[in-house]
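Residue numbers start from 1 in every chain, and the chains themselves are labelled A, B, ... in the order their sequence lines are given, proteins ahead of strands.
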Amino acid sequence: MSVRLFNTYSRQTEDFTPLDPAGQRVKMYTCGPTVYNHAHIGNFRAYIFEDLLQRHLEARGYEVERVMNLTDVDDKTIRGARAAGRRLADFTQVYKDAFFTDLDTLRIKRADHFPAATEPRYIARMIAMIGQLLEQGIAYQAEDRSVYFRLAKFPAYGALAHLNLDELRPSGRVNSDEYEKENIGDFALWKAWDEADGEVRWEAPWGAGRPGWHIECSAMATALLGPELDIHCGGVDNIFPHHEAEIAQSECCTGKKFVRHWLHCAHLMVEGQKMSKSAGNFYTLRDLIGKGFTGREVRYALLTVNYRLPLNFTIAGLEGARAALGRIDEWVGRISDFRFQVSDLGGALPANLSERHEGFFNALDDDLNISGAMGQLFDLIRESNSALDHGQLTPAQTAELLKLWESINRVLAFERESIVVPAEVAALVERRQQVRSDKDWTASDRLRDEIAAHGWIVKDTKDGPKLSPK
RNA sequence: GGCGGAGUAGCCAAGUGGGAAGGCCGAGGUCUGCAAAACCUCUACGAGUGGGUUCGACUCCCACCUCCGCCUCCA
C-alpha cells in the first residue's frame, strides 16, 4: 500500500510519488522559524508533524532530503535587534541556538540543511532571482526604490489557497499607504534600505536593501533541492500569501512546477482558546519544561492528533500524555527484561501481534492517521501483555516483539529517557533488598523513606525493585 | 461578504452505508508484608439540532446552530 497524502493544492488525498525516477529520493522543504524570539508550541506542532512525515517516509523506504530554513532578517528581527541594542547577527544567534536545543528536546530529527537567509550565497541567489524577474518584466522597482512582484504577470496566484483575487476584500491589514505599488497585492521582493534598518543592508544592482520574506524560501529551496520539490510543508497560515508567493517567484524563475505535494498543518488552541499572550495561554517549550513536563511528553501531546485537525493543547492533555507514555514504558520494560530469560527456539510471533505492527504503518500511510496508528500500538501492547500473562510468548518471540517496538519507535521517538541513578541511592536500594530477604519490614520501610529523601521512589514489582525520580 | 476546517463518553480522539478503535480519568478484579505500580476486565442502545434518501445513516444529501482558521510578510 502506498503512502497517501492530502495535497492542499488539489484538496484531495493523493498517492505520494516522488519525482525521482527510482522512486527513492524525496526532496522536502519545510518553512522554519523566524528567529526573533523563542518558538512557541504552535510552531513546534508544525515541526513535529514534519518530523513524523519524514520518519514515516523513511520507514517506508524513502530517502528524505530535508531543508528547513531560518529567517534571520525581516522586520521583526531588525526591530528586536534594535530594541536589544545588538547587532542583528548576534541577536538572532541566541534564538537560533535556542531553537536547536528545543528541537533536540522534542526529539525532532535534524533536517539535512538549515540555510539562513543572511548567508552570502543565499543573498546572492535572491539578488540573482530578483534580477531575472526584473529582466523578464515580472518585477518592477517602485518609487520607494523597493522591488515588487507584478501579480498581473502570474495569473495562477491564488490557486493554492483557492482564492479568487478579484473578490478579495481588504481586511484592514493592507497598508493603504503603499500607493507606490501598481497593484495592492504586489508583494515585496526587495525592500529598499531606510534608516530604521541601520547597518542591515546588502548591495544590489537596483540599490541597497534587504530581501523580502517570500524570496528567501524560493532561493534557499531551489538552491539546495533544485527547481522541483516533492513536498513542501508549513502551517495553514503560510498558504496565503507566503506559499503563493513562493510558487509565483520560483515558477517564474525556473519555468518548472515548484512543488508536487503541499502539506499544511492546522493551528493549535490552548485550553479551548486561541493561543495568545493576552489570554495568558501562550507557551514556549521552555515554559512547559519549567512546569515539570518533559520534551517527550510535549512531543506526545503534539504528535498524537492528526495534523490536519485543530489541536486543543491542555495541561490535562499533557498529564494524559505522561500516563500513556508510562504505559508504553512499562510494556517496553517488560518485554526487554523477558527476552533475556532462558533461551529457547521460539518461533514466529502470533499473527495478531504482527498484524498490529502492520496496522500501525498502514494507518500512517493514510495521510498520517496517527490516532489509528496509536490505536494499533495500544492494541499490540494489551494483546502482548495478555499473552505474557498467560505464558503464551517465548523469550525468542518476545525478542521479536521488541524489534517491532523498535521499528515503531523509529517513527514515534517515544522511548523513555535513560535515567541515571546516583550511586548512593543504588546502594540504599541494594541494602533494602538485603533486609527484605530477611523480611525485616521495619528496616525496609525506613530505607524506603531514606531513598525518598534522596528524591527517588522505589516500587517493589514482580521483577524486583524499580526506581523512578520523584 | 468570499473561501476553508471542525462538532463522537467527564477529557483527547479513530474508522465505517449494516457490530461506535484507542488513550486519559473512573469502577471492579489479580498480584502484594505494607505502600505504590503493573496487568486484566468493564465503562456511549449513542454521534451539535431538525429534516431527507435508504431495507438500514454516526457515515450520503439539505437546512440550521456552535466553534475555529484564512482573506496580502503568523506554524
- Task: Classify the nucleic acid contact of A:Thr314 as base, sugar-phosphate or nothing, counting any heavy atom under 4.0 Å across all strands shown.
- Result: nothing
- Message: I want to verify a distance call: between B:rC39, B:rG4, B:rA36, whose nearest atom is closest to the A:Arg11 side chain?
- Response: B:rG4
- Distance, P atom - from B:rG18 to B:rC58, rounded to whole angstrom: 11 Å
- Item | Nearest to side-chain heavy atoms of A:Asp460, which nucleotide of B:rC12, B:rA35, B:rG23 | B:rA35
- Task: Provide the Watson-Crick or G-U wobble partner of B:rC58, both distances under 3.5 Å; none if there is no partner.
- Result: none
- Query: For A:Arg308 and A:Asp379, take the nucleotide of RNA chain B holding the closest heavy atom to each; which residue's nucleotide lies nearer the 5' end?
  - Reply: A:Arg308
- Item | P gap between B:rC73 and B:rC12, integer Å | 33 Å
- Note on the structure: The answer to which of A:Phe44 and A:Met374 contacts RNA chain B further toward the 5' end, by nearest nucleotide, is A:Met374
- Task: Begin from the C-alpha positions of A:Tyr95 and A:Asp72 and carry the test side-chain hydrogen bond (donor to acceptor under 3.5 Å, both in side chains) through to its verdict.
- Result: CA-CA 9 Å; A:Tyr95 296 107; A:Asp72 59 354; over 6 Å; no
- Item | Aro-ring/base stack A:Trp441-B:rG33, d under 5.5 Å, angle under 30° | yes
- Message: The side chain of A:Phe240 is closest to which nucleotide in this list: B:rC70, B:rG23, B:rA14?
- Response: B:rC70
- Task: Give me the residues of residues 315-325 of chain A where at least one heavy atom lies under 4.0 Å from an atom of RNA chain B, by number, or none.
- Result: A:Gly320, A:Ala323, A:Ala324
- Task: With heavy atoms under 4.0 Å as the rule, sort A:Asp445 into base, sugar-phosphate or nothing.
- Result: base
- Once you round it to whole Å, what is the distance between P of B:rG5 and CG of A:Asn7? 14 Å
- For A:His264, answer base if it contacts any base atom (sugar-phosphate contacts may also be present), sugar-phosphate if it contacts only those atoms, and nothing otherwise; contact means non-hydrogen atoms under 4.0 Å. nothing
- Item | Matching residue for A:Trp262 among A:His243, A:His242, A:His162 - test: ring-ring contact (aromatic ring centres under 6.0 Å, His included) | A:His243
- Query: Contact class for A:Asn369 (heavy atom, under 4.0 Å): base, sugar-phosphate, or nothing?
  - Reply: sugar-phosphate
- Note on the structure: From the list A:Arg110, A:Arg299, A:Arg296, salt bridge (charged side-chain N to carboxylate O under 4.0 Å, His left out) with A:Asp104 holds only for A:Arg110
- Message: Under 4.0 Å from OP1 or OP2 of B:rA38: is there any side-chain N or O of A:Asn385 that close?
- Response: no
- Which of parallel (below 30°), tilted (30 to 60°) and perpendicular (above 60°) describes A:Tyr307 and A:Phe49? parallel
- Task: Assign A:Gly212 to base, sugar-phosphate, or nothing according to its heavy-atom contacts below 4.0 angstrom with the strands shown.
- Result: nothing
Polar atom pairs (N or O), protein with nucleotides 67-69 of chain B, under 3.5 Å:
from	atom 1	to	atom 2	distance (Å)
B:rG69	OP1	A:Lys274	NZ	3.4

- Of all the choices, B:rG22, B:rA36, B:rU72, which nucleotide is nearest to the side chain of A:Pro241 once you look at every atom? B:rU72
- May I ask you to say what A:Arg327 touches in the nucleic acid, namely base, sugar-phosphate or nothing, with a heavy-atom cut-off under 4.0 Å? sugar-phosphate
- Task: Indicate whether the side chain of A:Tyr140 and that of A:Asp186 have a donor and an acceptor atom separated by less than 3.5 Å.
- Result: yes
- Task: Identify which nucleotide among B:rA13, B:rC34, B:rA38 has an atom closest to any side-chain atom of A:Leu309, counting heavy atoms from C-beta outward.
- Result: B:rA13
- Which base sits across from B:rU32 as a Watson-Crick or G-U pair, both distances under 3.5 Å? none
